[in-house]
Amino acid sequence: MSIQFYNTISRRKEAFKVIDQNKVRMYTCGPTVYDFAHIGNYRTFMFEDLLRRYLEFRGYEVVQAMNLTDVDDNTIRRSRERGISLTELTDEFKAAFHADLKTLNIQPAHLYPEATRFVAEMIQMVQNLQDQGYAYQTEDGSVYFNIAKYGQYGKLAHLNPDEMVSGERVTEDSYEKEGARDFALWKGYKAEDGDVHWESPWGKGRPGWHIECSVMSTELLGKHFDIHCGGVDNIFPHHENELAQSVCATGEEFVNYWLHSEYLLVDNKKMSKSLNNFYTLRDLLEQGYPAEAIRWMLITTHYRQKLNFSVGRLEESQKAVNRLREFRNKLTKYVGNGSDDASDRIRIARDQFTVAMDDDLNISGGLAAIFELVRWGNRSMDQGELSVEGAKSIIITIERFDHVLGVLDMDSGLDHQVDEAFIEEKIAQRKAARANKDFAAGDTIRDELAALGIELIDTPDGTKWKAG
RNA sequence: GGCGUGGUGCCCAAGUUGGUCUAAGGGAGUGGUUUGCAAAACCAUCAUUCGCCGGUUCGAAUCCGACCCACGCCUCCA
């Protein structure tokens, strides 16, 4: 069986076939760098990370490009509000974004094209569309895409252009469009744009909302590539418009598989800036929730399923991660002399994992496969049936699975802010007390540290501690 | 108004091209083993039931019809 992906454009699962042998080219819509991204945004980037990691697990070579939108209404407005240049603003949030990706253990894309570096190519594409009659210029120096010239408009979002209800924003728009649904390819300069403008055949202005992705994806990945992802809110209008522009500009197929991730919810409402119900990664780390718990929570609900955020889920997530980590630790130290090399169970787990994940990244099924191996392995170690070689094989298997999950070795991202020397001293005192069978004194020290949020864990290798 | 998604145990959640579902997996709970204590681990237990009603069928969580509830898109948004 091949991998199946749910393709937004056909609204069904399709067998995944790569254009160029073993090399998958994917374009993933990145952030607009005018503010910190919230974890709803990261849900999508996390999904894209899972997708890429799984393709790699299955032996594909993946080339991923993620755009950074560093010029648009939001970035311009915010930089003016703060009285700094556009570049100063976007540099700040590009850095924050990369830092967050690192914290969340999201593999860096191979390419991070930035809109402002592709303006010349965007102008070319707009000109191309105009030359072919797909676009027209208005008196204010803007250029619009004429959707009436493109018969497939609405194919991705499954919207009929004739039935689309005009939103307020459209009717209030001061630009002079011929058709209400036509969208801007190039926006003529307005005073609110300040010093953000480029010279073009239509005069001073800046790129429209969607042209950057058409240009950067086709420039970097070729006119026709495999996968294009984003959140479901990108389906319309962003990806619909991008598709129209690209197909009309290149005259070729654009994208084979459109994959979109669902929203992260808070109290059953979409997490968004406007509802003010969002959490940033930084918020959660400050509240003491480790990055691996956040990663686990975001990655372990199927990407096309709405996910309701709660701190309770973060706590559950942490425990699941711990269970995997403890399992690996236990395997590492295992010294039993059983004869079971675990090869049967490993094969079952790999097959079960692959079958599940091949089915449109069915992560729940994949996790079931992993945890069944965990339970079997623990039992086998407890009963001394596992061989040391078997333990090693299971470790290798778990680490292969973790290439997809990416949680075993990630850093919590928390600032510990505790006096380690003090804690070590207390642990030493407690050890001495316990050696004298003075358990009351030992427990007093345990309680003291617990009051400071430090939990002590006795292991065969000595006492460890963690900050809760 | 148009288009669409989802309702499964205490919580999260897979299964939804009908039988192998006497319904995975994670978390919580309960009883036990182990541990000076704690943690971890292991064993056992935890839905005659899949939003509601009706239908098709030898057989339905899975198919059909009606209904209820929640959410989303049609406007910048991951």
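Sequence lines set the chain letters: A, B, ... in the order given, protein chains first and strands last, and positions in each chain run from 1. Predicted model only: the values in this text are computed from it and were never measured.
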Rounded distance (Å) that lies between atom [atom2] of [N] and atom [atom1] of [X]:
| X | N | atom1 | atom2 | value |
| --- | --- | --- | --- | --- |
| A:Asn41 | B:C77 | CG | C1' | 8 Å |
| A:Phe183 | B:C76 | CZ | C1' | 15 Å |
| A:Asp233 | B:C74 | CG | C1' | 13 Å |
| A:Asp35 | B:A78 | CG | P | 11 Å |
| A:Asn308 | B:G7 | CG | C1' | 13 Å |
| A:Ile294 | B:C12 | CD1 | P | 20 Å |
| A:Leu314 | B:C11 | CG | C1' | 14 Å |
| A:Glu262 | B:G4 | CD | C1' | 10 Å |

Exercise. Quick one: ring-ring contact (aromatic ring centres under 6.0 Å, His included) partners of A:Phe36, sequence neighbours excluded?
Worked result: A:Phe93
If we call it a pair only when both distances are under 3.5 Å in a Watson-Crick or G-U wobble match, what pairs with [N]?
| N | value |
| --- | --- |
| B:U35 | none |
| B:G6 | B:C69 |
| B:G1 | B:C74 |
| B:U45 | B:G29 |
| B:U22 | none |
| B:G59 | none |

Select base, sugar-phosphate, or nothing to describe what [X] touches, counting heavy atoms under 4.0 Å on all strands.
| X | answer |
| --- | --- |
| A:Met271 | base |
| A:Asn362 | sugar-phosphate |
| A:Gly40 | base |
| A:His260 | nothing |
| A:Leu264 | base |
| A:Glu372 | sugar-phosphate |

Using the side-chain heavy atoms of [X], tell me which of these nucleotides is nearest: [options].
| X | options | value |
| --- | --- | --- |
| A:Tyr263 | B:G72, B:G26, B:C77 | B:G72 |
| A:Asn234 | B:G72, B:A78, B:G26 | B:A78 |
| A:Leu159 | B:G2, B:A78, B:G25 | B:G2 |

Inter-nucleotide [atom1] distance ([N], [M]), Å rounded:
| N | M | atom1 | answer |
| --- | --- | --- | --- |
| B:U62 | B:U49 | C1' | 14 Å |
| B:A47 | B:A41 | C1' | 27 Å |
| B:C46 | B:C11 | C1' | 13 Å |
| B:U33 | B:A38 | P | 13 Å |
| B:G26 | B:G9 | C1' | 13 Å |
| B:G6 | B:A61 | C1' | 14 Å |
| B:U48 | B:A23 | C1' | 11 Å |
| B:U57 | B:U75 | P | 46 Å |

Exercise. Salt-bridged, A:Asp344 to A:Arg347, with N to O below 4.0 Å?
Worked result: yes
For this session: For the pair A:Arg295 and A:Asp49, find out whether any cationic side-chain nitrogen is under 4.0 Å from an anionic carboxylate oxygen.
Result: yes
Exercise. Can you find a donor-acceptor N/O pair under 3.5 angstrom joining the side chain of A:Glu316 to the base of B:G26?
Worked result: yes
Exercise. With distance as the sole criterion, do the side chain of A:Lys270 and the base of B:C77 form a donor-acceptor contact below 3.5 Å?
Worked result: yes
Exercise. Distance only, no hydrogens: is a donor on one side chain within 3.5 Å (strictly under) of an acceptor on the other, for A:Asn74 and A:Arg77?
Worked result: yes
Problem set entry | Donor-acceptor side-chain pairing of A:Asp458 and A:Thr463 below 3.5 angstrom | yes
Is there a side-chain polar atom (N or O) of [X] under 4.0 Å from OP1 or OP2 of [N]?
| X | N | value |
| --- | --- | --- |
| A:Lys269 | B:C71 | yes |
| A:Lys306 | B:A70 | no |
| A:Gln352 | B:G25 | no |

Seminar exercise, completed: Test side chain to side chain contact (heavy atoms under 4.5 Å, CB included), reference A:Leu51, set A:Val62, A:Leu259, A:Thr28, output is A:Leu259
Exercise. Among A:Thr44, A:Asp233, A:Val232, whose side chain to side chain contact (heavy atoms under 4.5 Å, CB included) with A:His260 holds?
Worked result: A:Val232
Problem set entry | Within 6.0 angstrom of A:Lys102 NZ, more than 12 heavy atoms from elsewhere | no
Exercise. Reading nucleotides 34-44 of chain B 5' to 3', which nucleotides get B (base under 4.0 Å from a protein heavy atom), which S (sugar-phosphate only), which -?
Worked result: --BBBBSSSS-
Exercise. So, the side chain of A:Asp72 versus the backbone of A:Thr75: is there a donor-acceptor pair under 3.5 Å, distance only?
Worked result: yes
Problem set entry | Test item: A:Tyr257 side-chain N/O and A:Lys17 main-chain N/O as donor-acceptor pair under 3.5 Å | yes
Seminar exercise, completed: Assert: residue with more 5' nearest nucleotide on RNA chain B, out of A:Ala369 and A:Ser274, is A:Ala369
Exercise. On RNA chain B, nearest-nucleotide positions of A:His158 versus A:Pro237: which is more 5'?
Worked result: A:His158
For this session: Take A:Leu221 and A:His228 through the side-chain contact (heavy atoms from CB on, under 4.5 Å) test and state the conclusion after the steps.
Result: CA-CA 11 Å; A:Leu221 301 176; A:His228 195 125; over 6 Å; no
